[in-house]
Amino acid sequence: MRKLLAAAVSLALSGVPQKPASRVLVASCNYSKDASFEIKKCDLYRLEDGPPVTTVLTREDGLKYYKMMQTIRRMELKADQLYKQKFIRGFCHLCDGQEACCVGLEAGINPTDHVITSYRAHGFCCTRGLSARSILAELTGRRGGCAKGKGGSMHMYCKNFYGGNGIVGAQGQVSEAYNMAALWKLPCIFICENNHYGMGTATERASASTDYYKRGNFIPGLRVDGMDVLCVREATKFAADYCRSGKGPIVMELLMYRYHGHSMSDPGVSYRTRKEIHNVRSKSDPIMLLKDRMVNKKLASIEELKEIDVEVRKEIDDAAQFATTDPEPPLEEIGHHIYSSSPPFEVRGANPWIKFKSIN
């Protein structure tokens, strides 16, 4: 009789769609809409006031920041894998560990603002609106890349984003040229991303003064905790408001850390210890810091954030599949897109079927 009853109940329930346990748990949570947090005070130079030391994070923004930082982290780890599999060639500078900088910066400015960065640009590409699919495809030199497969790691672009730049410090000159073209009407935030090493040399060994936020001399400066997305966001808002008010430019130094070496050719452990990297990961990881804050203030649950992790992992895996199967750009297109309004250049030898006439 019991077997017959169990079979009847099972049959009745079989037609009812069942939600996964984690989703049932997430749906039943009573989340807070927002929460207040204390953030680290910024060091100031030639400024009377600085960014606030408390801020409010909404649940919506917190989830958005978390997903974006996880996307950048997973994308960079996948790029590491693709490089070692020789799908990515040439230079490749990864930014895992620095996710709070690009996400916090984007949260503090407007989409219409202009961003120019250095060659460690993958994270900024993401926050500026490029998909992981188009970034990874660009890294592998495929036609579906954001620069049609012809830019690679250091030359990716999208609307209002002009980077990266393959020469150290080149973004400064690009910014100055752009500002001159705009008749000096653009407010400027000069950002120094201090990851404590200049390629393979510790900053304290190479610089007489490591107070880079003071290097503008007569230009005011801020030194910011670049491992805290909220701290970066508030500092960027402060700097943007300062510039937009007509007070002139400002220098912002972001103190952060990169987990990989300077580039993929640098193992990153000859000039620093594995213990040092582990300590930063365990105590100051930007994703971990945001996750702990959100869970502790009931802005999200661990289960919900795990669902985001799974979603991001699938997105990056799909992007990598595309980046390794999409066709490469045809050789005859090597001279295309040099100028936006000009016909494509014909490059000698790019297409064996093109005949060139000699010029007398």
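Just so it is clear, the structure is predicted and the values come from calculations on it, not from any experiment.
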* To do: Show your reasoning for whether side-chain contact (heavy atoms from CB on, under 4.5 Å) applies to L139 and L82.
  => CA-CA 9 Å; L139 289 174; L82 293 175; over 6 Å; no
* To do: Examine distances only and state if a side-chain atom of K297 and a backbone atom of S36 form a donor-acceptor pair shorter than 3.5 Å.
  => yes
* To do: Look at atom CZ of R313 and say whether more than 12 heavy atoms of other residues, nucleotides or ligands are closer to it than 6.0 Å.
  => no
* **Heavy-atom closest contact (V232 atom, D225 atom, distance)** => CG2-O, 3.6 Å
* Asked: Does some side-chain heavy atom of M264 sit less than 4.5 Å from a side-chain heavy atom of D80?
  -> yes
* Atom CD in E234, atom CG in L230: separation rounded to 0.5 Å? -> 7.5 Å
* Write down the atom of C188, the atom of C243, and the distance for their closest heavy-atom approach. => O-SG, 3.1 Å
* Asked: In this structure, are over 12 heavy atoms from other groups packed under 6.0 Å from Q81 atom CD?
  -> yes
* How would you list, by chain and number, every residue that makes a salt bridge (Lys or Arg N to Asp or Glu O under 4.0 Å) with K291, sequence neighbours excluded? -> none
* Enumerate the residue pairs fulfilling side-chain hydrogen bond (donor to acceptor under 3.5 Å, both in side chains) with a member in residues 86-95, sequence neighbours excluded, ordered by first and then second residue. => none
* **Short side-chain donor-acceptor distance under 3.5 Å, D309 and Y66** => yes
* Any donor-acceptor pair under 3.5 Å from Y83 side chain to F91 backbone -> no
* Asked: Do N296 side-chain atoms and D292 backbone N/O form a donor-acceptor pair below 3.5 Å?
  -> yes
* Asked: Is there a side-chain contact between L57 and L290 (heavy atoms, below 4.5 Å)?
  -> yes
* Which distance, rounded to the nearest 0.5 Å, do you find between the CG of L222 and the CG of L44? -> 6.0 Å
* Asked: Of the non-hydrogen atoms in P220 and P249, which two are nearest, and what is the gap between them?
  -> CD-O, 3.8 Å
* **From CZ (R74) to CD (E99), nearest 0.5 Å** => 11.0 Å
* What distance do K41 atom NZ and T54 atom OG1 have between them, rounded to the nearest 0.5 Å? -> 13.0 Å
* **Partner of V312 under side-chain contact (heavy atoms from CB on, under 4.5 Å), chosen from T71, D317, I72** => T71
* Decide if the gap between the ring center of H262 and the ring center of Y197 is smaller than 6.0 angstrom. => no
* Asked: Side-chain donor-acceptor pair under 3.5 Å between Y213 and N194, yes or no?
  -> no
* Asked: Are V103 and M256 grouped together when hydrophobic residues (ILVMFWY) are joined by side-chain heavy atoms under 4.5 angstrom apart?
  -> no
* **Contact check, side chains of V229 and I287, non-hydrogen atoms, under 4.5 Å** => no
* To do: Following the transitive rule for hydrophobic clusters with a side-chain heavy-atom cut-off under 4.5 Å over Ile, Leu, Val, Met, Phe, Trp and Tyr, establish whether L94 and L136 coincide in one cluster.
  => yes
* Asked: Going only through I, L, V, M, F, W and Y residues with side-chain contacts under 4.5 Å, is there a path from I219 to Y45?
  -> no
* Establish whether L289 and I308 are linked, either directly or via other cluster members, by ILVMFWY side-chain heavy-atom contacts under 4.5 Å. => no
* Asked: Any Lys/Arg nitrogen of E76 or R258 sitting under 4.0 Å from an Asp/Glu carboxylate oxygen of the other?
  -> no
* Asked: What residues form a salt bridge (Lys or Arg N to Asp or Glu O under 4.0 Å) with R293, not counting sequence neighbours?
  -> D228
* Which residue pairs satisfy the side-chain hydrogen bond (donor to acceptor under 3.5 Å, both in side chains) criterion with at least one member in residues 132-150, sequence neighbours excluded? -> S131-S134, K150-H337
* Asked: If you round to the nearest 0.5 Å, how far is CZ of F161 from OG1 of T117?
  -> 6.0 Å
* Asked: Checking side-chain contact (heavy atoms from CB on, under 4.5 Å) for the pair K214/S209: CA distance, chi angles, key distance, verdict?
  -> CA-CA 9 Å; K214 298 179 180 179; S209 171; over 6 Å; no
* Heavy-atom closest pair, residues A107 and Y65 -> CB-OH, 3.5 Å
* Asked: Looking at K237 and D241, does any basic side-chain N land under 4.0 Å from a carboxylate oxygen?
  -> no
* Structure fact -> CG (L77) and CD1 (I316) are apart, to the nearest 0.5 Å, by 9.5 Å
* What is the minimum heavy-atom distance between H122 and C92, and which atoms define it? -> CE1-SG, 4.0 Å
* Asked: Just checking, is any N or O donor in the side chain of Y212 or S207 under 3.5 Å from an acceptor N or O on the other one?
  -> yes
* Asked: Would you say Q98 and R120 make side-chain contact, with heavy atoms under 4.5 Å?
  -> yes
* **Pairs involving residues 106-117, ordered by first then second residue, that meet salt bridge (Lys or Arg N to Asp or Glu O under 4.0 Å) (sequence neighbours left out)** => E106-R128, D113-R244
* Verify the neighbour count for atom CE of M288: are there more than 12 heavy atoms of other residues, nucleotides or ligands below 6.0 Å? => yes
* To do: Tell me, please, which residues at least two apart from Y259 pass side chain to side chain contact (heavy atoms under 4.5 Å, CB included).
  => R73, D96, M227, Y257, I277, V280, R281, D285, P286
* Where T236 and M252 come nearest, the two heavy atoms and their spacing -> OG1-CE, 3.5 Å
* Asked: Is there a path of hydrophobic side-chain contacts, each under 4.5 Å between heavy atoms of I, L, V, M, F, W or Y residues, that connects I135 with Y157?
  -> no
